[in-house]
Amino acid sequence: ISFNAIDSALSSLKNCQSDINSGMDVATQVALDLVESFNDEEDVNSMEKVMLEYATMDRELNHYIKAFEETINQVKREKPENLPDLENLAQEKFLEMQSKNSDSDLQRNEKYMCFKEQLKEMKKQYGNDTFEQIDEDIAVVSRSQTNFICPITQMTMKKPVRNKVCGHIYEEDAILEMIQTQKQKKKKVRCPKMGCSHDDVKGSDLVPDGILKRVLDSQKKQ
């Protein structure tokens, strides 16, 4: 097996990672929709199992990619006269990583953690068994038109995300772009909401605001 063949294979595996991430996003949305429509708790739990299966695949894929990357770097660094069996070397590293797996690894998967957080928040919002409570939640949001405006773009939001730390809401693309720009400068991001003292906004702190999103969609249809 050659370096070029490995590079090509790694590229394909990274595309698979993208597919797994998309699958986890879909599973998350389905679970949230189930909570909103008051479906059986068992249905929601089944989506959590799906998320854990995705997290397992993601962990295995990460180990496989890391094993091959470390093998390539090691061989390039040592520059042996005869090229060793790269596949066997990578397989050994992969099995070593897999042997250290634990269930807690899956619980720390970023997408899974985000899923659990969103599910928790959605259950809080839709915890009451009456639709009147949901209507009241939406009415509260609707009464404050300023909640619709992103503090970054100063435009009506389309995909609102809420900061779990300070509670402020932004347009998803705008805040992620700000985080990425500051990251390149090796700087922290201060919450763009005027008067907020939170000075270290992270992507992992952001969760979709389901209630506001539905209100915005409703307003748009009208």
Side-chain angles (χ1 to χ4, degrees), residues 17-18 21-22 24-29 31-33 35-36 44 47-48 51-52 54-55 58-59 62 104-128 132-220 222:
Q17 277 186 310
S18 178
N21 285 333
S22 297
M24 294 181 91
D25 288 339
V26 171
T28 297
Q29 191 56 54
L32 296 180
D33 288 342
V35 173
E36 182 185 359
V44 178
M47 295 313 301
E48 182 169 359
M51 288 294 288
L52 285 172
Y54 272 125
D58 186 58
R59 178 179 63 186
N62 279 328
S104 61
D105 296 339
L106 303 180
Q107 305 290 333
R108 291 194 296 269
N109 177 280
E110 185 175 340
K111 286 277 186 181
Y112 178 75
M113 289 171 66
C114 185
F115 163 83
K116 292 290 285 183
E117 182 64 29
Q118 290 181 58
L119 205 58
K120 180 181 176 182
E121 291 301 315
M122 187 64 94
K123 283 181 177 179
K124 281 183 184 177
Q125 292 168 346
Y126 292 90
N128 195 313
E132 286 80 1
Q133 180 61 44
I134 295 174
D135 292 338
E136 177 59 25
D137 286 341
I138 291 176
V140 169
V141 177
S142 298
R143 282 197 288 268
S144 179
Q145 293 292 324
T146 56
N147 283 338
F148 296 175
I149 305 300
C150 171
I152 304 169
T153 65
Q154 294 302 310
M155 297 174 64
T156 300
M157 289 179 278
K158 296 178 181 178
K159 292 194 297 179
V161 290
R162 181 173 50 80
N163 192 321
K164 294 184 294 183
V165 178
C166 63
H168 292 126
I169 303 170
Y170 333 100
E171 176 65 39
E172 183 179 29
D173 291 344
I175 188 64
L176 290 178
E177 182 180 351
M178 178 179 286
I179 291 172
Q180 183 60 32
T181 299
Q182 292 299 91
K183 184 178 180 181
Q184 291 173 351
K185 298 177 182 177
K186 296 182 179 180
K187 293 183 178 180
K188 294 181 180 180
V189 175
R190 174 177 286 277
C191 175
K193 185 71 174 179
M194 187 176 295
C196 182
S197 60
H198 182 47
D199 63 357
D200 190 12
V201 180
K202 297 184 177 69
S204 57
D205 294 332
L206 307 175
V207 293
D209 191 300
I211 290 288
L212 182 54
K213 177 68 165 63
R214 284 163 176 74
V215 173
L216 289 168
D217 289 345
S218 176
Q219 294 274 336
K220 188 176 181 181
Q222 293 174 11

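If you read the sequence from its start, that first residue is 1, and numbering goes on from there.
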(request) May I ask you to test the Ile149-Met155 pair for a side-chain heavy-atom distance under 4.5 Å? (result) no
Discussion item. Any heavy-atom pair between the side chains of Asn109 and Arg59 that's under 4.5 Å?
Written reply: no
* Should Arg190 and His198 count as side-chain neighbours, where that means a heavy-atom distance under 4.5 Å? -> no
Minimal heavy-atom distance between Pro160 and Met157, with the atoms involved, is CB-SD, 4.0 Å
Salt bridge (Lys or Arg N to Asp or Glu O under 4.0 Å) pairs touching residues 168-186, sequence neighbours excluded, are Lys159-Glu172, Lys159-Asp173
By side chain to side chain donor-acceptor pair (under 3.5 Å), Asp200 pairs with (sequence neighbours left out) Lys202
With sequence neighbours left out, the residues meeting side chain to side chain donor-acceptor pair (under 3.5 Å) with Gln29 are Asp33
Between the OH atom in Tyr54 and the CG atom in Leu106, the distance rounded to the nearest 0.5 Å is 15.0 Å
Tested for side chain to side chain contact (heavy atoms under 4.5 Å, CB included) against Val189, the lone hit among Asp199, Ile179, Thr181 is Ile179
Looking only at heavy atoms, the pair that brings Val165 and Asn163 closest together is N-OD1, 2.8 Å
For Asp205, the side chain to side chain donor-acceptor pair (under 3.5 Å) test, sequence neighbours excluded, returns none
Sequence neighbours excluded, the answer for side chain to side chain contact (heavy atoms under 4.5 Å, CB included) partners of Ile152 is Cys150, Tyr170, Ala174, Ile175, Met178, Pro192
Here the gap from Cys196 atom SG to His168 atom NE2, rounded to the nearest 0.5 Å, amounts to 5.0 Å
Mind checking whether Lys188 and Val201 have side chains closer than 4.5 Å, heavy atoms only?
no
Between the CE atom in Met51 and the CG atom in Asp58, the distance rounded to the nearest 0.5 Å is 10.0 Å
| query | Between Leu206 and Arg162, is any pair of side-chain heavy atoms under 4.5 Å apart? | reply | no
For residues 109-118, the salt bridge (Lys or Arg N to Asp or Glu O under 4.0 Å) pairs (sequence neighbours left out) are Asp25-Lys111, Glu48-Lys116
Exercise for review: Let me see the working for Asn62 and Gln17 under side-chain contact (heavy atoms from CB on, under 4.5 Å), right down to the final yes or no.
Suggested key: CA-CA 8 Å; Asn62 279 328; Gln17 277 186 310; 2.3 Å; yes
Rounding to 0.5 Å, atoms OH (Tyr112) and CG (Asp105) come to a distance of 13.0 Å
